[in-house]
Amino acid sequence: MSTFGHVFRVTTYGESHCRSVGCIVDGVPPGMSLTDKDIQPQLSRRRPGQSKLSTPRNEKDRVEIQSGTEFDKTLGTPIAMLIRNEDQRPHDYSDMDNYPRPSHADFTYMQKYGLKASSGGGRASARETIGRVAAGTIAEKFLSQVSNVEIVAFVSQIGSVKMNRDSFDPHFHHLLNTITREKVDSAGFIRCPDAAIAAEMVKEIEKYRGERDSIGGVVTCVIRNLPAGLGEPCFDKVEALLAHAMLSIPASKGFEIGSGFSGISKPGSQHNDLFVFDEETNRLRTKTNNSGGVQGGITNGENVYFSVAFKSVATIAKEQETVTYEGKPGILAAKGRHDPAVTPRAIPIVESMAALVLADSLLLQKSRDFARSVTH
């Protein structure tokens, strides 16, 4: 389906080479200040053509709010946003139309729908995520105004080059407490806050680009200042919703929250997050945060942090032995303009999908809080 969320809900539209992409956002509270300028920065962080390490497709990705605002204020009605495709080259794909690209969605879309978009990836293209980012920017603004929520993602691994993300290491948690988008973006397109590691990541991408190949990576994200109590057990636990959101992003292949897979090697006595009373905030806190800010599927007021794995881009210029849709053997060397590593451009997508999950969760909890207040 192309709709995500319950109360704060977004429907995206568009394919890689159609005239425009965009979204309709429902459930935005009325009275928020909102203009194109609020949304554009995240779209500019996501857009192609930013660096020699990304696709050379040159899209400006300028957003145009079509409805749902007046005098720069939200009306509480659906907000439609449109972003025009300006640099399409569908002819780049004409030679590939007979071949299902290995590990791409060509074959599966054909099996599901009986046809597919003749150029690009159709709805499986990363162009679809533009609508998510536009909607997520509104969600993030709402979260910031209501609870001073901060969402910051960064590249923590490219190929075999990785920075420390050990949940049991206090240095990692210091990074999560202090990292800012300004710090992330100061690293340039690679968006890794560790300068030495970032330089090695650049070399890793350049190596595979030189071989007409691609390479995957990991995005780590932290969410600060979330109130306790968000999440809807049993099936809409907040980590389940975040996993759903992240694994819906094109090329994502893995998700872990808190200590994740590494936590299984620790006994409960070392993994448990012990409670303490914080005099400064006058509330319970935890001494450690191996849970990733979520217990029982509900936020506990600590930082929520998670990592998302992105596979190597499927469409590569390197020759690959494959077959046509009819089963005839052949060699496919993909044309077109494609990222050698999509991970750095996924940063605002991860942030936006997290914002959509949490804005929806917060509105659901606010409705429960109100219902509780009038029945007691």
Side-chain angles (χ1 to χ4, degrees), residues 15-18 21 46-61 85-110 116-130 155 157-161 188-192 198-219 249-253 309-347 349:
E15 294 87 37
S16 179
H17 291 158
C18 65
V21 292
R46 195 221 71 92
R47 76 174 186 86
Q50 298 178 50
S51 161
K52 65 180 183 179
L53 299 178
S54 73
T55 169
R57 180 170 175 171
N58 187 21
E59 297 283 359
K60 298 297 184 288
D61 288 350
N85 284 332
E86 299 176 342
D87 191 25
Q88 313 100 307
R89 294 184 190 173
H91 57 273
D92 283 350
Y93 295 82
S94 57
D95 292 341
M96 294 188 287
D97 204 36
N98 293 325
Y99 294 92
R101 285 171 289 173
S103 288
H104 210 291
D106 298 337
F107 173 75
T108 50
Y109 266 60
M110 186 70 81
K116 68 174 185 66
S118 62
S119 63
R123 288 291 283 168
S125 167
R127 292 298 290 168
E128 177 271 331
T129 64
I130 293 173
V155 174
Q157 184 170 347
I158 293 290
S160 60
V161 180
F189 175 75
I190 200 67
R191 295 194 173 111
C192 172
E200 293 302 311
M201 289 178 174
V202 169
K203 292 178 183 177
E204 187 86 340
I205 295 175
E206 288 177 337
K207 168 190 168 185
Y208 286 98
R209 185 189 61 173
E211 297 171 356
R212 298 186 298 169
D213 212 332
S214 63
I215 193 65
V218 176
V219 171
I249 299 172
S252 62
K253 281 296 180 183
F310 289 90
K311 71 183 180 74
S312 305
V313 175
T315 307
I316 58 175
K318 193 170 190 174
E319 291 187 349
Q320 299 176 92
E321 292 185 6
T322 185
V323 297
T324 65
Y325 285 99
E326 290 73 34
K328 182 179 178 181
I331 301 294
L332 177 63
K335 296 180 181 179
R337 298 157 296 170
H338 305 282
D339 294 272
V342 75
T343 311
R345 287 180 57 214
I347 297 297
I349 308 171

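No hydrogens, no waters, no symmetry mates; every other heavy atom, side chains included, goes into these values.
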Which residue in the set Arg127, His17, Glu15 passes side-chain hydrogen bond (donor to acceptor under 3.5 Å, both in side chains) when paired with Asn85? Arg127

How many angstroms lie between atom CD1 of Ile205 and atom NZ of Lys207, to the nearest 0.5 angstrom? 12.5 Å

Gly216 and Ser312 have their tightest heavy-atom pair at N-OG, 3.0 Å

Which pair of non-hydrogen atoms, one from Asp106 and one from Tyr325, has the smallest distance, and what is that distance? CB-OH, 3.3 Å

Nearest heavy-atom contact between Ala314 and Ser103 is CB-O, 3.6 Å

Interatomic distance, SG@Cys18 vs CD@Glu128, rounded to 0.5 Å, equals 11.0 Å

Looking at Lys203 and Glu206, is any side-chain nitrogen of the basic one under 4.0 Å from a carboxylate oxygen of the acidic one? no

Can you tell me how far apart CD (Glu204) and CD1 (Ile158) are? Round to the nearest 0.5 Å. 8.0 Å

Closest non-hydrogen atoms of Ala333 and Ala317, given as atom of the first, atom of the second and distance, are CB-O, 3.4 Å

With a sphere of 6.0 Å drawn around OH of Tyr109, does it hold more than 12 non-hydrogen atoms of other residues, nucleotides or ligands? yes

So OG of Ser252 and NZ of Lys311: to nearest 0.5 Å the spacing works out to 9.5 Å

Under a 3.5 Å distance rule, please check whether Ser214 uses its side chain to pair with a backbone N or O of Ala341 as donor and acceptor. no

What one should report as the nearest heavy-atom pair of Ile316 and Asp213 is CD1-OD1, 3.7 Å

Separation between CD (Glu319) and CD1 (Ile331), nearest 0.5 Å, reads 6.0 Å

Would you say the side chain of Pro329 lies within less than 4.5 Å of the side chain of Glu321, judging by non-hydrogen atoms? no

Interatomic distance, Cys192 atom SG to Ile347 atom CD1 [nearest 0.5 angstrom]: 9.5 Å

Indicate yes or no: at least one non-hydrogen side-chain atom of Val219 is less than 4.5 angstrom from one of Ile349. no

Looking at Pro344, is its backbone amide N or carbonyl O close enough to the side chain of Arg191 to form a donor-acceptor pair, meaning the two atoms are under 3.5 Å apart? yes

Check: Phe310 and Ile249 side chains under 4.5 Å, non-hydrogen atoms: yes

Taking the side chain from Asn98 and the backbone from Thr324, do they hold a donor-acceptor pair closer than 3.5 Å? no

Nearest heavy-atom approach of Gly330 to Tyr99 is CA-OH, 3.6 Å

Short side-chain to backbone donor-acceptor contact, Arg345 and Arg46, under 3.5 Å: yes

